[in-house]
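Along the sequence shown, residues carry numbers from 1.
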Amino acid sequence: MRWSIDFPIPESPFPISHQSKILSLGSCFAQTIGQKMKDSKFDILINPFGTIFHPMNLADLLDQAIFGYPLDEQKILAFDGRFMHYSAHSDLRASSQDELKNLYDSKIQEIKTFLQEGSHLILTFGTSWIYQHQDLGRVANCHKQSNSLFTKKLSELEEMEFVMTHLLETISNSFPQLKIILTVSPVRHTKDGIAENQLSKSLLRVLCDRLEKQFNMVSYFPAYEIMMDELRDYRFYKSDLIHPTEEAENYIWEKWKKSVFKAPTQEKVREIEKIQLELAHRPFNPESDSHQKFLQNLLVKLERIHRELDFSKEIKSVSELLNPPARL
């Protein structure tokens, strides 16, 4: 008896290795998969403007990085003693307007550097619903301001395709080395409504399909489909029934590794994951001979893999446990 359906996911035409330089932007999956890659020592920049849900908001930020458009100061918001920007998540905030401008500009420059030097761009689309400020146009985040300031609407497929096509044509011309992996976030936007969320995700999936067919440097990874079909049960959601559980995230990560990493990279990631588990080990008696021997063996592994990847912080941490500073 089968309790779930799995489906084959082809190997990515644009494999990622530890020599890759990656920019991951968008909804929660961009953060989740990006952090797992960061933990596995990939060179990756993850959501410098925080979580961005809508394709056109992502396009706005990328256009600004590519063309050097100045910061729209009209979209700066002072709220509860902090300064934020309507084009970014509230994670990007500062204590003054000048500090926010400097922070915003530095993040834009980070994105541009990764576009110029990078090998891969991961874009995760979360929703087709977008908010329009009555004076400022579309925004990426409402920052808990009054609903009366905004109009919520479902974006037309053609509008999203037009904006994303323009962006990808620019990327193709300006950064021809860059390969793009599109995903649709498996996180459910139930506040929009169940039927409305399904409609929103359907538009995003069609958008990804059209972009993949139009551009040779674009491919699609089915994170949404894995969650909806292979993990088709509420036990794979957290208590909010919106976000995937850690087990679900790990399951999708395993699928990602098999699709996007070649065999040598998969093997290297397995080695790193084992080391990370050992680093997280908490002993019953840190001063015991057995634990000291465990640390010595771990240090040998770290120094060996450090020849390829940066484990300097981990080496320092383990060395300090082996040789604790003398107490005064």
Side-chain angles (χ1 to χ4, degrees), residues 21-32 34-35 38 43-118 121-153 155 159-160 163-164 166-167 170-171 174-175 185 187 189 191-192:
K21 191 178 183 73
I22 309 143
L23 174 61
S24 181
L25 301 175
S27 191
C28 299
F29 181 75
Q31 186 72 36
T32 299
Q35 188 60 52
K38 191 177 186 69
D43 183 4
I44 185 168
L45 176 64
I46 310 164
N47 273 347
F49 285 92
T51 305
I52 305 293
F53 300 99
H54 197 283
M56 293 194 294
N57 293 131
L58 286 172
D60 291 340
L61 289 171
L62 286 165
D63 274 342
Q64 190 172 8
I66 294 168
F67 294 107
Y69 296 143
L71 173 69
D72 186 351
E73 295 188 24
Q74 289 185 320
K75 289 188 174 182
I76 294 177
L77 169 69
F79 176 65
D80 199 22
R82 307 295 285 174
F83 289 80
M84 296 171 285
H85 199 276
Y86 275 122
S87 295
H89 192 272
S90 56
D91 287 346
L92 190 81
R93 58 185 182 270
S95 57
S96 71
Q97 183 164 318
D98 286 341
E99 183 184 344
L100 179 69
K101 288 166 62 178
N102 291 335
L103 179 61
Y104 193 101
D105 289 343
S106 70
K107 299 295 184 182
I108 284 291
Q109 187 55 51
E110 273 188 299
I111 289 177
K112 186 168 186 178
T113 298
F114 267 76
L115 292 174
Q116 291 171 331
E117 302 175 1
L121 171 62
I122 301 168
L123 295 176
T124 301
F125 303 150
T127 183
S128 301
W129 291 96
I130 197 163
Y131 287 84
Q132 298 271 357
H133 189 283
Q134 61 185 13
D135 298 319
L136 303 173
R138 63 178 176 246
V139 298
N141 198 293
C142 297
H143 298 306
K144 299 182 179 180
Q145 299 304 291
S146 172
N147 290 339
S148 63
L149 294 173
F150 306 95
T151 301
K152 179 182 177 183
K153 72 164 192 170
S155 298
E159 181 185 17
M160 292 190 292
V163 171
M164 288 304 303
H166 170 76
L167 171 69
T170 301
I171 289 176
S174 301
F175 315 109
S185 171
V187 176
H189 291 241
K191 289 183 180 180
D192 295 329

Verdict with reasoning, Asp43 to Lys38, per salt bridge (Lys or Arg N to Asp or Glu O under 4.0 Å): CA-CA 7 Å; Asp43 183 4; Lys38 191 177 186 69; over 6 Å; no
Would you list the atom pairs, donor with acceptor, under 3.5 Å between side chains in residues 70-85 and any protein atom, with sequence neighbours excluded?
{"unit_1": "Asp72", "atom_1": "OD1", "unit_2": "Gln74", "atom_2": "N", "d": "3.1"}
{"unit_1": "Glu73", "atom_1": "OE2", "unit_2": "Lys101", "atom_2": "NZ", "d": "3.2"}
{"unit_1": "Lys75", "atom_1": "NZ", "unit_2": "Arg138", "atom_2": "O", "d": "3.0"}
{"unit_1": "His85", "atom_1": "ND1", "unit_2": "Ser87", "atom_2": "N", "d": "3.0"}
{"unit_1": "His85", "atom_1": "ND1", "unit_2": "Ser87", "atom_2": "OG", "d": "3.4"}
{"unit_1": "His85", "atom_1": "NE2", "unit_2": "Asp72", "atom_2": "O", "d": "2.8"}

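- Put simply, CD1 on Ile46 and CG on Leu25 are 10.5 Å apart, with the number rounded to the nearest 0.5 Å.
- A cation-pi arrangement is absent between Lys153 and Trp129, since the terminal nitrogen or guanidinium carbon is not both under 6.0 Å from the aromatic centre and inside a 45° cone about the axis.
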Check against side-chain contact (heavy atoms from CB on, under 4.5 Å), Phe49 and Ile111: CA-CA 10 Å; Phe49 285 92; Ile111 289 177; 3.6 Å; yes
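- When the shell of 6.0 Å around CG of Asn147 is examined, it contains 12 or fewer heavy atoms from other residues, nucleotides or ligands.
- Side chains of Leu61 and Lys107 form no contact here, defined as non-hydrogen atoms less than 4.5 Å apart.
- Between Gln109 and Tyr104, the side chains place no donor N or O within less than 3.5 Å of an acceptor N or O (distance only, hydrogens not considered).
- Residues Phe175 and Thr170 form no side-chain contact, since every pair of their non-hydrogen atoms from C-beta on lies 4.5 Å or further apart.
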Take Ser155 and Glu159 through the side chain to side chain donor-acceptor pair (under 3.5 Å) test and state the conclusion after the steps. CA-CA 7 Å; Ser155 298; Glu159 181 185 17; 4.5 Å; no
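- By the 4.5 Å heavy-atom criterion applied to side chains, Ile44 and Lys21 are not counted as neighbours.
- Taking the six-membered ring for Trp, His54 and Phe125 have ring centres at least 6.0 Å apart.
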Show your working on side-chain contact (heavy atoms from CB on, under 4.5 Å) between Leu115 and Leu23 and close with a plain yes or no. CA-CA 8 Å; Leu115 292 174; Leu23 174 61; 4.1 Å; yes
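- Note: His189 NE2 to Ser185 OG = 5.5 Å, rounded to the nearest 0.5 Å.
- Just one of Val187, Ile122, Thr124 meets the side-chain contact (heavy atoms from CB on, under 4.5 Å) condition when paired with Phe29; it is Thr124.
- Considering CG of Leu103 and CG of Asp98, their distance stands at 12.5 Å, rounded to 0.5 Å.
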With side-chain contact (heavy atoms from CB on, under 4.5 Å) as the criterion, how do Arg93 and Leu100 come out once you've worked through the C-alpha distance, each side chain's angles and the decisive distance to 0.1 Å? CA-CA 6 Å; Arg93 58 185 182 270; Leu100 179 69; 5.5 Å; no
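- To the nearest 0.5 angstrom, Leu167 atom CG is 9.0 Å from Leu58 atom CG.
- Contact annotation: the side chain of Gln134 never approaches that of Thr151 to less than 4.5 Å [non-hydrogen atoms, C-beta and beyond].
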Assess whether side-chain contact (heavy atoms from CB on, under 4.5 Å) is satisfied between Asn47 and His89, documenting all intermediate values. CA-CA 10 Å; Asn47 273 347; His89 192 272; over 6 Å; no
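- One finds the OH atom of Tyr86 at 13.5 Å from the CG atom of Asn57 (value rounded to the nearest 0.5 Å).
- Using modelled atom types, one finds no donor on one side chain facing an acceptor on the other under 3.5 Å when comparing Glu117 with Thr113.
- In terms of the side chain to side chain contact (heavy atoms under 4.5 Å, CB included) criterion, residue partners of Thr32 (sequence neighbours excluded) are, by chain and number, Lys36, Glu249.
- Residues Met164 and Ala59 come closest through the heavy atom pair SD-CB, 4.2 Å.
- Separation of atoms CG (Leu92) and OG1 (Thr51) is listed at 12.0 Å; rounding is to 0.5 Å.
- Heavy atoms only, all atoms of each residue included: Ala140 and Ile52 are closest at CB-CD1, 4.0 Å.
- Under the 30°/60° scheme for interplanar angles, the aromatic rings of His133 and Phe150 are found to stand perpendicular.
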